[in-house]
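To start, the structure itself, in structure tokens.
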Amino acid sequence: MLHFLVGVVYIFRKEGESDMEGKGSKQLYHKLFFIYTSILVCAISALVIFFINSTRNRFLEQSLSYTEMMSESAVSYLEDTSDVAEYIHKDLYNSSMELNDVLHYLADEPDVYQKYRLDTYIENKLNEYKGIEEFFLDAFQAYESLGQITLFSYGRDEITEYTRDGKSYRRDGDKEFKKRLESGNLAKEGSFAYLKEIRDPSTMESKGCMILGFKSKKFESIWQYYSRAELVVYHDAGTVVYSSSKEYEIADIMKADEKDALEALLGAYVEQAQRGEYHTVSYLEKKRAAAVPFSIVVMFVLVGIAVMALGEMFVRYYLQKLAGRLNRILDGMTKVMDGDLAVRIPTDKNGDELDVIAQYFNEMCVRLDGHIKKQYLAEIEQKNAEMDALQSQINPHFLYNTLEAVRMKAICNGDREVGKMLYSLAVTFRAQIKEADIITLAQELHYCKKYMELFEFRYQNQFQANVECPEEYLKVPIIKFVLQPVIENYFIHGIRLKEKDNFVRILVKKEGDYQIIVEDNGKGMTQEAIEAKNQELEQDTMEKHSSIGIANVNRRLKAVYGRECGIRLESRSQGGLRVILRFMGGSQV
């Protein structure tokens with residue numbers, strides 16, 4: 001067979017020599033470069049589009065949530081002001097002196113009212129008299145949102161306005177005021193009010209009314225806090241109390257009574273609410289709801305371009321390396337065609353088809369040379385030795401990548417449970433082959449959680465795991481894989497398979513040194529066995545034939561942090577075992 005191959009090569013050498021001179025690895029290089037670049041462009045473009053859409057959906061959810069919260073805040077302010085008006089009205093009736101003062105103020109002429117005040121003042125020993133001015137001043141001091149209090153006397157047709165600065169202004173009731181009073185429309189732009197009737201308790205005759213006005217600036221601050229949406233507050237009569245947008249007329253908003261009609265009118269997502277005679281409308285235009293800021297889009301695009309450039313560098317590097325290997329194979333073949341059977345193509349030990357081709361080519365040359373020198377036996381032994389060496393090579397990174405590919409295939413097939421198991425196993429395996437010897441406590445706890453997740457699938461509904469670690473300890477450095485052997489020891493020796501209340505608790509605390517406490521409610525150990533084991537751990541006399549386990553962890557902790565650190569076992573009063581791992585953080589690592 002080999003002689004026939006050599007003969008064919010020599011027969012076609014002259015015929016195809018001119019064609020072979022113009023060919024090499026470039027054609028395959030360009031073809032693969034185009035294919036890989038196309039895949040890279042499509043994948044990164046899809047990821048950029050996915051992230052932009054995901055961000056758009058997240059912005060939409062956040063905007064709708066803000067709109068709802070803005071509506072709730074506006075309604076809450078209306079409820080608070082309504083409650084304040086009710087409290088002030090009740091407080092007035094709870095104080096007979098102040099109520100009588102208001103009733104006399106509303107019913108009496110000014111000189112008669114002043115005589116009443118003077119008589120009451122003297123009667124109350126000159127120091128306990130409280131009139132309506134003090135009552136209103138206390139109300140202003142108690143409620144910051146209260147902007148103005150107005151008293152209107154039905155009998156004397158007179159208006160008195162009290163302001164926060166302690167001043168009062170008296171005037172006759174005008175037609176506009178009476179018209180607003182009759183319609184109940186006490187709101188105006190910048191403020192809104194509540195009307196409270198003042199009646200004589202003895203006759204239940206209405207002497208006048210008290211109008212409590214509140215500031216609408218609070219709505220401005222609410223809108224500014226949730227600035228993506230718009231806010232409109234208006235009265236039943238159509239008076240606008242506050243509006244963050246002047247684009248729509250209030251009459252149009254009032255006509256669209258139903259939420260669907262209002263959303264169609266505004267082209268927005270709408271939240272409506274009503275408290276008494278006041279209405280709130282919070283709306284967010286649909287074209288703005290899911291709008292992603294241009295800067296974020298640019299950031300995604302730039303990241304995509306950066307990843308693309310990085311990917312192109314790796315693709316180019318890989319293909320150039322591949323082309324170099326192909327050129328070496330072609331050069332070797334050319335030399336064999338020239339009769340040089342001593343040529344050998346170097347193998348890069350990548351374990352791929354090119355290495356197989358190179359190895360087979362080398363073996364072909366060896367066999368040809370062996371046939372010529374009649375040394376078949378020696379050449380066959382050489383081949384077997386090389387094949388054994390090739391088969392003994394295992395690349396842990398290749399195994400990890402293969403495991404990840406299997407996980408993604410499981411997820412694509414809808415088997416998320418298997419995918420989760422493979423992910424937990426892959427994280428643990430990857431940490432073993434890639435992580436540095438010193439990691440953070442957060443990483444160690446994370447790998448431990450992933451390791452326990454594997455046992456959750458094996459012992460479903462049979463145990464619970466809990467990890468407690470203060471946030472300030474998460475960045476403490478620690479040697480890796482000190483927890484996994486302890487957890488594995490529990491699942492091998494401690495878990496009670498016939499019970500459903502098994503638990504494992506991991507607690508991190510600091511008492512001088514750092515301590516990781518792993519406790520369970522498993523089978524436990526006798527006190528004598530615990531004392532014997534602690535003595536072995538302290539003196540480091542446990543067997544050293546295994547590379548993992550509590551003895552190994554104890555030995556590594558003592559080697560890195562000192563003899564005072566390591567592992568100690570204790571029994572739990574409720575049953576089970578407590579394993580305490582002591583180590584030092586900071587510069588000792």
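Positions are given from 1, in the same order as the sequence printed here.
- No more than 12 heavy atoms of other residues, nucleotides or ligands lie within 6.0 Å of OH in Tyr87, so this atom counts as exposed by the packing criterion.
- Minimum heavy-atom separation, Gly166 to Leu137: CA-CD1, 4.5 Å.
- Atom CZ of Arg505 and atom CD1 of Ile517 lie 7.5 Å apart (nearest 0.5 Å).
- Using a cutoff of 4.0 Å between basic side-chain nitrogens and carboxylate oxygens, Lys115 and Asp119 are scored as salt-bridged.
- No donor-acceptor pair under 3.5 Å is formed between the side chain of Ser65 and the backbone N or O of Glu61.
- Side chain of Asn521 to main chain of Gln574: no donor-acceptor pair is present (N/O by atom type, distance under 3.5 Å, no hydrogens or angles).
- Taking both residues in full, the closest heavy atoms of Ile439 and Glu444 are given as CD1-OE1, 3.5 Å, listed atom of the first, atom of the second, then distance.
- A salt bridge is absent between Glu472 and Lys510; no separation between the charged side-chain nitrogens and carboxylate oxygens falls under 4.0 Å.
- The minimum heavy-atom distance linking Ser191 with Ser216 is given by the pair N-OG, 3.6 Å.
- Other residues, nucleotides and ligands contribute over 12 non-hydrogen atoms within 6.0 Å of the CG atom of Asp165.
- Annotation for Thr67 and Ala229: closest pair OG1-CB, 3.5 Å, computed over non-hydrogen atoms.
- Under the salt bridge (charged side-chain N to carboxylate O under 4.0 Å, His left out) criterion, Lys509 pairs with Glu511, not counting sequence neighbours.
- Partners of Asn100 under the side chain to side chain donor-acceptor pair (under 3.5 Å) rule, at least two apart in sequence or in another chain, do not exist in this structure.
- With sequence neighbours excluded, the residues that form a salt bridge (charged side-chain N to carboxylate O under 4.0 Å, His left out) with Arg156 are Glu158.
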Pairs of donor and acceptor atoms involving the side chains of residues 37-53, under 3.5 Å and at least two apart or interchain, shall be tabulated with distances.
residue	atom	partner	partner atom	Å
Thr37	OG1	Phe33	O	2.6
Thr37	OG1	Glu312	OE1	3.4
Thr37	OG1	Glu312	OE2	3.1
Ser38	OG	Phe34	O	2.8
Ser45	OG	Val41	O	2.6
Asn53	OD1	Arg56	NH1	2.7
Asn53	ND2	Ile49	O	3.3

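- Closest non-hydrogen pair, Val75 versus Ala273, comes out as CG2-CB, 3.3 Å.
- With Gln484 contributing its side chain and Phe481 its backbone, the two residues share no donor-acceptor pair below 3.5 Å.
- Taking the ring pair (Phe, Tyr, Trp, His ring centres under 6.0 Å) definition, one finds that Tyr154 meets it with Phe152, sequence neighbours left out.
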task: Evaluate the criterion side chain to side chain donor-acceptor pair (under 3.5 Å) for residue pair Asn466 and Gln464; output intermediate values, then yes/no.
output: CA-CA 7 Å; Asn466 185 28; Gln464 293 181 347; over 6 Å; no

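- With sequence neighbours left out, Ser145 forms a side chain to side chain donor-acceptor pair (under 3.5 Å) with no residue at all.
- Asp138 places none of its side-chain heavy atoms less than 4.5 Å from the side chain of Asp91.
- Annotation: salt bridge (charged side-chain N to carboxylate O under 4.0 Å, His left out) contacts involving residues 73-88, sequence neighbours excluded, comprise Glu79-Arg275, Glu86-Lys196.
- Ring geometry, His89 versus Tyr93: the interplanar angle exceeds 60°, so the pair is classed perpendicular (tilted spans 30 to 60°).
- Closest approach of Ile159 and Gly173 over heavy atoms only: CD1-CA, 3.5 Å.
- A distance-only check finds no donor-acceptor pair linking the side chain of Trp223 to the backbone of Val232 [under 3.5 Å].
- Under the 4.5 Å side-chain criterion, counting only non-hydrogen atoms from C-beta, Glu277 is not in contact with Leu186.
- Checking side-chain atoms of Arg164 against main-chain N and O of Phe140 turns up a donor-acceptor pair under 3.5 Å.
- Under 3.5 Å, the side chains of Ser206 and Glu197 contain a donor-acceptor pair of N or O atoms.
- Ala187 meets the side chain to side chain contact (heavy atoms under 4.5 Å, CB included) test with Asn185, Phe192, His235, Thr239, Val241, Tyr278; sequence neighbours excluded.
- The six-membered or imidazole ring of Phe463 lies away from that of Phe455, with a centre-to-centre distance of 6.0 Å or more.
- Proximity of Arg58 to Ser54: side-chain heavy atoms (C-beta onward) are separated by under 4.5 Å at one or more points.
- Here CD of Gln462 is found 9.5 Å from CD of Gln460. Values are rounded to the nearest 0.5 Å.
- Residues forming a side chain to side chain donor-acceptor pair (under 3.5 Å) with Thr150 (at least two apart in sequence, or on another chain): Gln148.
- Note: Tyr226 OH to Leu231 CG = 11.5 Å, rounded to the nearest 0.5 Å.
- Arg199 pairs by the salt bridge (charged side-chain N to carboxylate O under 4.0 Å, His left out) definition with nothing, not counting sequence neighbours.
- Residue pairs satisfying the salt bridge (charged side-chain N to carboxylate O under 4.0 Å, His left out) criterion with at least one member in residues 205-214, sequence neighbours excluded, are listed as follows: Glu205-Lys207.
- Residues Val518 and Val504 are in side-chain contact: their nearest non-hydrogen atoms beyond the backbone lie under 4.5 Å apart.
- The distance from atom CG of Leu284 to atom OH of Tyr66, rounded to the nearest 0.5 Å, is 12.5 Å.
- Atoms SG and CD1, from Cys469 and Ile506 in turn, are 10.0 Å apart once rounded to the nearest 0.5 Å.
- Ring geometry, Tyr116 versus His104: the interplanar angle falls under 30°, so the pair is classed parallel (tilted spans 30 to 60°).
- Separation of atoms CG (Asp101) and CG (Leu92) is listed at 9.5 Å; rounding is to 0.5 Å.
- Remark: side-chain polar atoms of Ser221 are paired, donor with acceptor, to backbone N or O of Lys218 under 3.5 angstrom.
- In this structure, Lys450 pairs ionically with Glu453, as a charged nitrogen and a carboxylate oxygen lie closer than 4.0 Å.
- Proximity of a side-chain donor or acceptor of Thr440 to a complementary backbone N or O of Lys475 within less than 3.5 Å is not detected.
- Heavy atoms from other residues, nucleotides or ligands lying under 6.0 Å from CZ of Phe503 number more than 12.
- Considering only heavy atoms from C-beta on, Val467 stays 4.5 Å or farther from Cys448 through its side chain.
- The shortest distance between side-chain heavy atoms of Val102 and Phe135 does not fall below 4.5 Å.
- In this structure, the side chains of Tyr105 and Thr160 come closer than 4.5 Å at one or more pairs of heavy atoms.
- Judged as a side chain to side chain donor-acceptor pair (under 3.5 Å), and not counting sequence neighbours, the contacts of Thr81 are Tyr194.
- Under the 4.5 Å side-chain criterion, counting only non-hydrogen atoms from C-beta, Leu151 is not in contact with Ser168.
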